[in-house]
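Some notes on the structure that comes next.
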Amino acid sequence: MESPDRTDADLSPKQRLLTPVAKVRGVGPYRAEMLARLGIRTASDLLFAFPRDYLDLSDERLVSELEAGEMQTVRGTVVEVATSKSGFGKTRVSVLVRDASGHLRATWFNQPFISKRFFDGQAVLLSAKPKRRGLMWEMSHPTVTNLAQEEAESDGKKMLPIYSLTEGISQYYMRKMAEAAAEEFAEVPEEVFPEALLAKYSLLPLGEALQAIHQPDNAEAMEQARRRFIFQELFIMQLAVAIRRLQQQMQFAPELPTSTKIDARIRRLLPFELTESQTKAIEELTADMALARPMNRLLQGDVGSGKTIVALYAMLVAIAHGKQAALMAPTEILARQHAETLSELLTASRVHFAVLAGGTSKADRARILDGILEGEINVVLGTHAIIQDDVRFKQLGLIVIDEQHKFGVKQRAAMRQDDQSPHVLVMTATPIPRTVTMTMFGDLDVSTLRELPTGRQPVNTYLVEPDKQQRWWAFVRDRLREGRQAYVVAPLVDESETVSAPSVSAAYEQLTNGELEEFRMALLHGRMSSIEKQEVMDAFRAGETQVLVSTSVIEVGVDVANASVMTIAGAERFGLAQLHQLRGRVGRGSHAGFCGVLMVDEVNEQGRERLEAFSKSTDGFELAELDFKLRGPGDLFGTQQHGLPPLRIADLRRDREVLEEARREAQSLVASDPGLKQLDHARLRRQMLLRYGKALELGDVG
Ligand code: ADP
Ligand code: MG
């Protein structure tokens with residue numbers, strides 16, 4: 001029971017921040033319920049619910065003060081809304097607004113629906129460059145911000161915060177509630193940063209920043225407040241990443257150095273000279289593996305840059321030391337394909353390998369598991385099922401994960417063994433922008449394959465407009481008649497009623513009865529059983545099937561050298577990196593590769609821009625950066641899959657410089673105080689554990 005004479009002053013800051021939001025001035029039980037939908041339950045939640053945007057009102061004026069030609073804002077009340085038709089069927093909406101000094105007319109042509117935004121007595125802000133027409137000031141197509149009645153007159157504030165809202169709460173009340181929370185609670189939370197750090201980066205102290213982010217005096221104050229919180233968010237993330245890295249380096253791994261003898265033995269197995277990038281990557285990873293702490297390396301390289309061989313090299317080093325290696329692929333198709341590559345390359349060696357897959361019979365599986373446990377099997381291939389359940393190794397020295405972006409931090413963590421950890425090499429053909437490797441993959445070292453093996457040709461890519469499709473299919477038929485094979489890719493398995501996108505079943509239907517009826521075709525998609533998929537792939541690889549109609553399950557790694565032409569329908573639904581992956585399935589052998597992107601009329605401006613970039617650039621890194629710019633990191637890699645909580649205020653695209661700064665500082669702080677044990681690091685440590693402790697499995701830190 002609370003004692004009746006207890007006041008807020010008796011509560012600790014933490015207790016005060018946990019005050020139910022209903023008790024904040026101006027909230028009450030009804031709005032508290034609405035706020036709960038936004039996840040705002042306490043005073044602290046409200047305090048840290050930052051505006052998503054601001055309206056700069058520094059150019060706000062009375063109508064009588066307006067000047068022609070400059071961007072200005074007027075605040076007033078709607079007194080008349082009229083829609084008229086001019087000649088040629090054009091409509092004109094005219095809204096008359098009054099303020100204390102006079103009248104202003106706002107006009108819109110051919111946007112009849114805009115009249116619905118206004119009613120008599122509605123308070124608004126209108127921003128545009130005004131023009132004088134006769135006796136009246138006029139704004140053509142101004143930006144409109146609706147206000148509450150209470151805001152009809154200026155309170156002198158130069159910045160109007162705009163919040164993310166839920167139904168039942170207006171901007172006005174949200175502003176009021178946030179203002180109240182800022183006034184009452186902004187000084188309550190304790191500063192997170194040590195004094196010296198605030199000074200070094202000229203960051204606003206927490207209390208001041210909280211006040212300014214909700215109620216900035218001007219644009220500069222708002223920027224300063226935002227910068228502080230962006231820095232804080234990125235800094236705490238980078239602390240977590242640095243600490244996780246440190247923890248990894250404190251684990252033990254078997255030392256697997258490479259000798260000239262081992263190197264010569266491995267090179268003898270390779271059918272070609274390694275590229276310069278491959279040699280460099282191998283140097284980097286063999287240096288890692290020679291140490292008594294686990295390698296954690298990301299190998300990125302464009303489609304066809306030859307990552308598999310690099311991985312094979314690493315596996316053979318492990319095997320040379322009597323250790324086992326595991327290679328995990330995102331799909332069984334890929335795992336089997338890797339097995340095939342290995343069996344070709346390793347015919348001359350005594351390396352034993354086995355595939356663990358869904359289709360393996362019980363008896364076979366038992367025998368394989370036994371072989372792994374006894375150490376007779378040197379290399380195990382499969383999907384991530386390998387790290388699950390009952391697979392026990394005799395001496396696992398190395399794990400290779402192909403196409404890392406499908407695996408998360410959690411899975412990587414799950415592969416740790418008790419006393420000794422295996423070395424880990426992750427590979428991705430989706431080039432990862434540097435900002436992203438610094439965050440989601442911040443705990444990995446990176447090797448990059450920059451060039452393609454000589455003789456490989458870039459894939460010629462064409463945007464096929466609707467009226468050119470006949471010609472495209474004629475081109476595809478020509479390639480097929482020459483003996484090549486073809487892929488046709490569509491985003492969906494079946495026609496869907498809600499999503500209007502092409503499906504493989506419809507494409508198959510249409511092509512078998514039309515454009516490609518004379519050829520042997522097959523369907524492939526993720527809903528088929530693994531045995532069915534395998535049969536289809538085997539038939540295609542053997543050339544029995546000429547055309548494979550598939551969803552993006554063939555996106556990664558599928559390697560059929562005779563396939564030279566790909567058609568992609570519904571391309572606007574794929575990310576650029578993904579399209580580049582898909583395209584990488586052709587032109588893998590000695591035959592030039594071709595990719596046709598079937599365009600539809602409905603593709604919007606940005607979609608067209610992306611597809612045009614795709615047809616012009618053959619550089620996966622460039623495309624990944626562009627995708628990142630246009631669509632953000634989520635689409636590329638699926639932040640959720642990595643298990644990291646989403647960023648709230650920082651934006652990796654915009655805040656790259658702050659990220660670099662925060663990263664350097666976080667690294668040096670962790671170097672000087674690895675457990676964040678210093679008194680003035682306690683709050684940072686708490687914040688970090690709160691946000692990333694679980695996601696990154698940081699344990700108790702120090
Ligand atoms: P990815 O990086 O896309 O996984 P792969 O490892 O599948 O690429 O290699 C693509 C193709 O290039 C394979 O057929 C492989 O045998 C071949 N390859 C790899 N390295 C070289 C090289 N140094 N010289 C010639 N061909 C190579
Ligand atoms: Mg590959």
Side-chain angles (χ1 to χ4, degrees), residues 263 266-285 297-316 327-348 379 381-383 399-407 425-432 446-459 485 487 537 541 552-564 566 577-593 595 618-621 623-624:
D263 179 72
I266 296 175
R267 279 179 198 261
R268 233 178 290 139
L269 296 173
L270 306 183
F272 35 63
E273 288 289 304
L274 295 173
T275 65
E276 222 168 279
S277 305
Q278 282 171 325
T279 307
K280 177 145 180 285
I282 286 171
E283 274 167 22
E284 286 164 352
L285 63 88
R297 188 166 283 278
L298 175 72
L299 175 63
Q300 59 172 349
D302 212 340
V303 182
S305 57
K307 295 181 289 295
T308 316
I309 290 294
V310 176
L312 177 69
Y313 191 107
M315 292 193 284
L316 291 173
L327 197 168
M328 302 198 294
T331 65
E332 284 184 11
I333 294 182
L334 270 186
R336 288 188 191 286
Q337 187 177 286
H338 279 312
E340 217 142 286
T341 310
L342 291 200
S343 77
E344 277 166 30
L345 292 171
L346 299 180
T347 38
V379 181
L381 301 104
T383 63
I399 296 178
V400 178
I401 306 170
D402 199 11
E403 301 309 335
Q404 148 70 15
H405 56 293
K406 303 273 154 87
F407 289 92
L425 176 67
V426 292
M427 308 198 284
T428 175
T430 308
I432 301 173
V446 181
S447 292
T448 304
L449 301 183
R450 269 281 167 197
E451 86 249 50
L452 300 183
T454 43
R456 296 223 34 177
Q457 315 168 36
V459 178
Q485 287 164 285
Y487 297 101
M537 270 323 290
R541 206 169 280 130
S552 58
V553 291
I554 57 150
E555 172 189 340
V556 282
V558 168
D559 194 1
V560 177
N562 190 44
S564 76
M566 169 174 287
Q578 203 182 0
L579 285 171
H580 186 63
Q581 278 288 311
L582 284 168
R583 162 171 78 180
R585 301 309 109 221
V586 297
R588 297 179 76 83
S590 49
H591 311 290
C595 175
T618 52
D619 181 342
F621 283 85
L623 290 171

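Counting starts at 1 for both ligands and their atoms, in listed order.
Proximity to Thr308 (heavy-atom distance under 4.0 Å) selects the following atoms of ligand 1: 4 (O), 5 (P), 6 (O), 7 (O). Each of the atoms 2 (O), 8 (O) of ligand 1 lies under 4.0 Å from some heavy atom of Ser305. For ligand 1, the atoms closer than 4.0 angstrom to any heavy atom of Thr275 are 23 (N). Residue Glu273 approaches ligand 1 through these ligand atoms, each under 4.0 Å from one of its heavy atoms: 22 (C), 23 (N), 24 (N).
Here Gln278 has side-chain heavy atoms under 4.0 Å from ligand 1, and that is the only part of it that gets that close. When non-hydrogen atoms are compared, ligand 1 lies under 4.0 Å from the backbone of Leu274 (N, CA, C, O) but not from its side chain. Using a 4.0 Å cut-off between heavy atoms, Leu449 makes no contact with ligand 1 at all.
Of all heavy-atom pairs spanning Leu327 and His338, the tightest one is CD2-CD2, 3.7 Å.
Between Leu299 atom CG and Ile401 atom CD1 the span is 12.5 Å, to the nearest 0.5 Å. In this structure, CZ on Arg268 lies 11.0 Å from CG on Leu270, to the nearest 0.5 angstrom. Atom-to-atom distance recorded for His591:NE2 and Gln485:CD is 9.5 Å, nearest 0.5 angstrom.
Around CD of Glu276, the count of heavy atoms belonging to other residues, nucleotides or ligands within 6.0 Å does not exceed 12.
Side-chain atoms of Glu451 do not come within 3.5 Å of backbone N or O of Thr275 as any donor-acceptor pair. Using a distance-only test at 3.5 Å, with no hydrogens or angles considered, no donor-acceptor pair links the side chain of Gln300 to the main chain of Val446.
Using a 4.0 Å heavy-atom cutoff, Gly301 is absent from the residues neighbouring ligand 1.
Polar contact with ligand 1: present for Gly306 (N/O pair, distance under 3.5 Å).
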